[in-house]
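Take a look at the structure set out below.
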Amino acid sequence: NHLQINATTYDGPLLDWSPKFMINFDIGHYVAANDDDPLAFVKKYHDRIYSIHLKDKTGKNTEPANTNQVWGQGETPLKEVLNLLKDQKWPIYCDIELEYDIPAGSNAVREVFVKLYNEGKIYRGNRMVNWCPHCNTSISDAEVEYEDHSGNFYHLLYPVKETGEMLELATTRPETMLGDTAVAINAEDPRYAHLHGCHVLLPLINKEIPIVCDEHADMTKGTGVVKITPAHDPNDYEVGQRHDLPLVRVFTYDGKMTGAADKAAWEESVARGTAAVNEPEVLDCGKYAGMTTTDARKVILEDLKAAGLLKEIEPLSHNVGTCYRCHHVIEPMVSKQWFVKMEELAKPAIEAVRDGRIKFVPERFSKNYFHWMENIRDWCISRQLWWGHRIPAYYCDKCGEMVVAGAAPAACPKCGAHMTQDPDTLDTWFSSALWPFSTMGWPHDTEDLKYFYPTNTLVTGYDIITFWVSRMIF
């Protein structure tokens, strides 16, 4: 069940996906050696072989366990694997047994980050991200796993201000309604032609919000009316961008409803001028403040029912995004994060596979690759974890000036005050994408780099085409 990615000849080194940073490893890593070692054996008869058994690329997956296990650990997993293979009389056909130089790897990561930032391909901003309230971090689209969950469609009634009629709409997440900033209808829907330019009164908080005409409202589905919560739904976020709707955040980052303290903190950041562009307004959710989103849903539904605004509850089974690390439900959130612009980077990476310079074996896995790359969005690369490479960005403690550099600035270039490094770390796959050349000493012009790079063959799993393979290519 392993995937090979080959060029047309075996004139280069092999790359092998290795164990996580854990004392135990799964059988797949053991079997992987059965894939790449024969290739190394053949190559050995013609030239030197640099078979790189990589280690610790998925530390983020196992951070909770690593926190307890890694310190004081004996031999590294790499040594454990190689020793086991040798004990089983498996020949290891390589000239070099690599122990990765962590400081050198960090230098490569900083070099690439700064380069992409200076080229305008890395930026920091408020955008919709996948947020895990349990791990308290953002994760990329590739790290969201979808699971079938039993749930409900809650049919709600929103009163129209101008006509007094009720608009029926359905949602699976009624707790988000406090952050609604519009209701959408389709401009071509004759049922609602008389409501163009009108408003609804948001139930429970009696807030006036507009009715907008947008293609996101599908006339063929349900009532054709959709609630729009731009700060808590990716599709609604796009609708909000098209109609210049305000963003209102009603969840805290640990999965509770926002309250007076959260609102006050947001107001203070606005007053000080430190609030970022496109940063959501924070709502004081009143009686629901401090409740978990699950508890708030129950109370909100009770209040809607009491007000005669809960028309129907319709059971359904649907796909729900979950965190691939802890399997808790993901909350879409607008958050200030670091991103890689993907449109420009994806095009040559797609062409490299389409024109045959890079080949997937079996070839059918190229379909997975194309589907991912042709529908890719900007990659969120910042994580709110201690396990990983720190983002090389520094902020002035006094004036807020930001500097992105490979080394910490001695002082703020604008006012001379002290600068503090960004506390976030990089997505582990950002550094993993550099392994084909960072393991050989890049950014320095080493003899290994000149002799062995570019690499030739990668033996890996099909399940990390999006995580790792695509990012090494672009």
Side-chain angles (χ1 to χ4, degrees), residues 123-139 173 175-181 202 204-207 209 228-234 236-237 240-241 244-297 299-300 328-339 380 382-386 390-391 393-402 412 414-415 417-425:
Y123 65 95
R124 187 177 187 237
N126 277 290
R127 289 178 60 92
M128 180 64 65
V129 300
N130 306 297
W131 185 265
C132 177
H134 179 261
C135 298
N136 264 302
T137 184
S138 60
I139 63 174
R173 303 166 69 216
E175 64 276 13
T176 65
M177 66 176 292
L178 302 181
D180 287 1
T181 56
L202 185 59
L204 304 182
I205 59 176
N206 205 36
K207 177 183 176 181
I209 58 176
I228 304 299
T229 319
H232 294 289
D233 182 274
D236 293 0
Y237 177 79
Q241 294 296 294
D244 196 26
L245 299 175
L247 298 162
V248 177
R249 179 165 66 87
V250 296
F251 297 163
T252 63
Y253 291 104
D254 59 353
K256 297 178 181 177
M257 306 300 289
T258 52
D262 304 298
K263 181 178 176 64
W266 170 76
E267 289 175 339
E268 182 182 357
S269 68
V270 171
R272 293 175 55 192
T274 57
V277 176
N278 211 31
E279 188 159 337
E281 173 190 346
V282 177
L283 180 74
D284 178 0
C285 294
K287 67 178 287 187
Y288 314 108
M291 294 182 185
T292 65
T293 54
T294 301
D295 290 342
R297 176 182 298 185
V299 179
I300 286 171
H328 281 68
V329 174
I330 288 296
E331 290 289 357
M333 299 270 275
V334 173
S335 177
K336 189 189 299 180
Q337 303 289 340
W338 288 91
F339 297 87
C380 177
S382 46
R383 299 290 179 270
Q384 291 64 52
L385 301 169
W386 66 267
R390 286 280 293 276
I391 289 176
Y394 304 84
Y395 309 98
C396 178
D397 295 345
K398 184 176 180 181
C399 71
E401 178 76 3
M402 184 180 75
C412 174
K414 189 173 181 180
C415 72
H418 178 264
M419 303 196 82
T420 300
Q421 188 172 358
D422 195 311
D424 288 356
T425 56

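Heads up: numbering here begins at 1 and tracks the sequence.
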Checklist entry - Any side-chain heavy-atom pair from Thr176 and Asp233 closer than 4.5 angstrom? => result no
Checklist entry - If you round to the nearest 0.5 Å, how far is CH2 of Trp131 from NE2 of His328? => result 14.5 Å
Next on the checklist: Within the 4.5 Å heavy-atom criterion, are Thr293 and Met257 side-chain neighbours or not?
Outcome noted: yes
Item to check | Rounded distance [0.5 Å steps], SG in Cys415 versus NZ in Lys398 | outcome: 5.5 Å
Checklist entry - Is Thr137 reaching over with its side chain to a backbone N or O of Arg383, donor-acceptor style, under 3.5 angstrom? => result no
Next on the checklist: Taking the side chain as everything from C-beta on, heavy atoms only, tell me whether Tyr288 gets closer than 4.5 Å to Leu204.
Outcome noted: yes
Checklist outcome for this item: Smallest heavy-atom separation, Phe251 atom then Met333 atom, equals O-CE, 3.7 Å
Checklist outcome for this item: For Pro230 and Gly179, the nearest pair of non-hydrogen atoms, with its separation, is CD-O, 4.2 Å
Item to check | Derivation of the side chain to side chain contact (heavy atoms under 4.5 Å, CB included) call for Leu283 and Lys207 | outcome: CA-CA 12 Å; Leu283 180 74; Lys207 177 183 176 181; 5.8 Å; no
Item to check | Approximate separation, where rounding is to 0.5 Å, of Arg249 CZ and Glu279 CD | outcome: 8.0 Å
Checklist entry - Do you know the tightest heavy-atom contact between Phe339 and Arg127? => result CZ-CB, 3.5 Å
Item to check | Point-to-point distance, once rounded to the nearest 0.5 Å, from CE of Met402 to OH of Tyr395 | outcome: 5.5 Å
Checklist outcome for this item: In terms of heavy-atom contacts, Ile205 and Leu178 come closest through CD1-O, 4.0 Å
Checklist entry - Say you draw a straight line from CG of Asp262 to CG of Asp284; how long is it, rounded to the nearest 0.5 Å? => result 8.5 Å
Checklist outcome for this item: So CZ of Arg124 and CG of Asp424: to nearest 0.5 Å the spacing works out to 7.5 Å
Checklist entry - Is there a side-chain contact between His232 and Glu175, using heavy atoms and a 4.5 Å cut-off? => result no
Item to check | Side chain Asn130, main chain Pro332, donor-acceptor under 3.5 Å | outcome: no
Next on the checklist: Main chain of Pro280, side chain of Trp266: is a donor-acceptor contact present, judged purely on distance under 3.5 Å?
Outcome noted: yes
Checklist entry - Mind checking whether Ile300 and Met291 have side chains closer than 4.5 Å, heavy atoms only? => result no
Next on the checklist: What verdict does the side chain to side chain contact (heavy atoms under 4.5 Å, CB included) test give for Met128 and Leu247, after you've listed the backbone C-alpha separation in whole Å, the side-chain angles of each residue and the deciding distance to 0.1 Å?
Outcome noted: CA-CA 11 Å; Met128 180 64 65; Leu247 298 162; over 6 Å; no
Checklist entry - Is Arg173 close to Thr229 at the side-chain level, that is, under 4.5 Å between some pair of heavy atoms? => result no
Next on the checklist: With side chain to side chain contact (heavy atoms under 4.5 Å, CB included) as the criterion, how do Ser138 and Ser335 come out once you've worked through the C-alpha distance, each side chain's angles and the decisive distance to 0.1 Å?
Outcome noted: CA-CA 9 Å; Ser138 60; Ser335 177; 6.0 Å; no
Checklist entry - When you measure from the side chain of Thr258 to the backbone N and O of Lys263, does any donor-acceptor pair fall under 3.5 Å? => result no
Next on the checklist: I'd like to know if the side chain of Tyr253 pairs up with that of Asn136 as donor and acceptor (distance under 3.5 Å, no hydrogens or angles considered).
Outcome noted: no
Checklist entry - Quick check: does any side chain N or O of Asp422 sit under 3.5 Å from a backbone N or O of Ala393, one acting as donor and the other as acceptor? => result no
Item to check | Nearest heavy-atom neighbours spanning Ser382 and Ile391 | outcome: CB-CD1, 3.6 Å
Checklist outcome for this item: Heavy-atom nearest pair, Asn278 first then Val334, reads O-CG1, 4.2 Å
